[in-house]
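Have a look at the structure below before the remarks.
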Number of protein chains: 2
Amino acid sequence: MLGAMAHRPYHHGDLRAALLGCAEDALAEQGPDALSLRDLARRAGVSHAAPGRHFRGKDHLLDTLALTGFERLDTRLGEAAAEPGDPRSRLLALARGYVGFALDHPALLELMYARKHTPSRPEELTAAVGRLVETVLRPVTEGQDEGTIAPGDPGTIALTVAATLHGLTSYADADSLRELQEDLPAVVDLLLSGLLPR
Amino acid sequence: MLGAMAHRPYHHGDLRAALLGCAEDALAEQGPDALSLRDLARRAGVSHAAPGRHFRGKDHLLDTLALTGFERLDTRLGEAAAEPGDPRSRLLALARGYVGFALDHPALLELMYARKHTPSRPEELTAAVGRLVETVLRPVTEGQDEGTIAPGDPGTIALTVAATLHGLTSYADADSLRELQEDLPAVVDLLLSGLLPR
DNA sequence: ACCTGAACACCGTTCAAGT
DNA sequence: ACCTGAACACCGTTCAAGT
């Protein structure tokens, strides 16, 4: 691993992507508060000023990383939602996908929803959240067309489902996430049948 | 306001509480990343080393602030859950209380659930989350005793309700929180009746 | 075009010393 | 008991200069 490029070239191959990868590693290892640009530069083997060439600042780098997280989660949920089946199995696949992502990338998921109330938050992140809700919305409207999902504003339904999935991961630490992954059928049935007695 | 204590005494009256208050202000004004201990000390009118007397470090101060947030939210939800009425009105009161807290203290609520995946997270915060779920759990078991809430593991039901409420605030920015507050009846009815057609 | 090295203003934390 | 002031090691960002 070392001998292949003993003295790194002056121009890093793709410093931008390398920095994002290092940032994701550092996030998982040390948490978001301990992450520093200078440390990322050291990990990537460049000077501390080099990241400034590729990102406007620390916020920009973290926002970009969060955006890649939304893209990956959206892809995963889109695949789960596209699977054929009744509403229960599709909702369960959606829930398993979300909790699975939380298990695989806990710190990244936290970053994705963090710094919500900072004025500098870019519109791109808000749009990414909207796309996620849309991914959940598609199976909802399809179910309504088939008559397997109750009528009502599909936006409200999709938002509630997405919020529940995200809220579950917020309430769980690493251990309880693993338990939750197993107990998801009960949660899904609760969402499907409701809290009132039938 | 100034004349009353033109030159502040050497011993601050209650620096610990003052720092927590300043921290909450700074959090709301600048967001969590911009918050610095030295700035808090300046706001409180003490030297930059003074906070070290009352908090083990920045994390300790923020964790303490988050804990006060959980206590206030728990009190608010406890009052909402204790109101008499049918399950729908009580769940609506609970939801209004949660979203109202998010409207009043958006940055504080974010802090409360942040840094979930750092090893240093104190057990006290995990316990506070547990108490919150317990506050939601009480009306659930009462409703089950009356037969107005469907049978099933009350812990799962309470966790799902709490997760949904929290997730909703995670998906909403300041503007959509205000809209959400008005649309809560639809969300509550969805939780009560479920996603399946009746 | 891309990176370095020095510089600047900040920060968290510690610790002797002051009151 | 509580606070200060100096000190240390770090950080984000900028900018001339190098290749």
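Chain letters run A, B, ... following the sequence lines, proteins first, then strands; residues in each count from 1. Below, each value reflects all heavy atoms present in this structure, side chains not excepted, and no hydrogens, waters or symmetry copies.
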Rounded distance in Å - CZ (B:Arg53) to P (C:dG18) | 15 Å

From the options C:dC3, C:dG12, D:dT4, select the nucleotide whose nearest atom is closest to the side chain of B:Ser47.
-> D:dT4

Report the distance from atom NE2 of B:His54 to atom P of C:dT13, rounded to the nearest whole Å.
-> 15 Å

Please give, in whole Å, the distance from C:dC11 C1' to A:Lys58 NZ?
-> 11 Å

Residues 20-30 of chain B vs salt bridge (charged side-chain N to carboxylate O under 4.0 Å, His left out), sequence neighbours excluded, gives B:Glu24-B:Arg72, B:Glu29-B:Arg43

Residues in side-chain contact (heavy atoms from CB on, under 4.5 Å) contact with A:Ala107, at least two apart in sequence or another chain | A:Leu27

From D:dC11, D:dT13, C:dG12, pick the nucleotide closest to the side chain of A:Ser36?
-> D:dC11

Residue list, ring-ring contact (aromatic ring centres under 6.0 Å, His included) with A:His54, at least two apart or on another chain = none

To the nearest Å, give me how far apart CG (B:Leu61) and P (C:dC11) are.
-> 15 Å

Crowded around B:Arg198 CZ? As in, over 12 foreign heavy atoms under 6.0 Å?
-> yes

Sorted by chain and residue number, the ring-ring contact (aromatic ring centres under 6.0 Å, His included) partners of B:His48 (sequence neighbours excluded) come out as none

Spacing between B:Phe55 atom CZ and C:dT14 atom P, to the nearest angstrom | 15 Å

Of all pairs that satisfy salt bridge (charged side-chain N to carboxylate O under 4.0 Å, His left out), the ones with a partner from residues 145-166 of chain A, not counting sequence neighbours = none

Write down the distance between CG (A:Leu40) and C1' (D:dT13), rounded to a whole number of angstrom.
-> 15 Å

Can a side chain N or O of A:Arg42 be found less than 4.0 Å away from OP1 or OP2 on D:dC11?
-> yes

Report the distance from atom CG of B:Leu19 to atom C1' of D:dC3, rounded to the nearest whole Å.
-> 12 Å

If you measure from the Lys or Arg side-chain nitrogens to the Asp or Glu carboxylate oxygens, is any gap between B:Arg90 and B:Glu142 under 4.0 Å?
-> yes

Contact list for DNA chain C against residues 28-35 of chain B - heavy-atom distance below 4.0 Å | none

Given that A:Gly52 and A:Asp39 both sit by DNA chain D, which one's nearest nucleotide is further toward the 5' end?
-> A:Asp39

Tell me the salt bridge (charged side-chain N to carboxylate O under 4.0 Å, His left out) pairs involving residues 166-185 of chain B, sequence neighbours left out?
-> none

side-chain contact (heavy atoms from CB on, under 4.5 Å) against B:Arg53, all qualifying residues, sequence neighbours excluded = none

Identify all stems in which DNA chain D takes part, counting only runs of at least 3 consecutive pairs (Watson-Crick or G-U wobble, each distance under 3.5 Å), and give each as one range with another, ordered by first number.
-> C:4-8 with D:12-16, C:12-16 with D:4-8

Can you tell me the distance, in whole Å, between the CG atom of A:Asp59 and the P atom of D:dC11?
-> 17 Å

Residues which pass salt bridge (charged side-chain N to carboxylate O under 4.0 Å, His left out) with B:Arg76, listed by chain and number, not counting sequence neighbours | B:Asp104

Quick note, salt bridge (charged side-chain N to carboxylate O under 4.0 Å, His left out) partners involving residues 59-69 of chain A, not counting sequence neighbours, are A:Asp59-A:Arg115, A:Asp63-A:Arg115

Distances for protein N or O near nucleotides 6-8 of chain D N or O, under 3.5 Å:
residue: D:dA6; atom: N6; partner: B:His48; partner atom: NE2; Å: 3.0

Quick one: are the ring centres of A:Tyr113 and A:Phe70 less than 6.0 Å apart?
-> yes

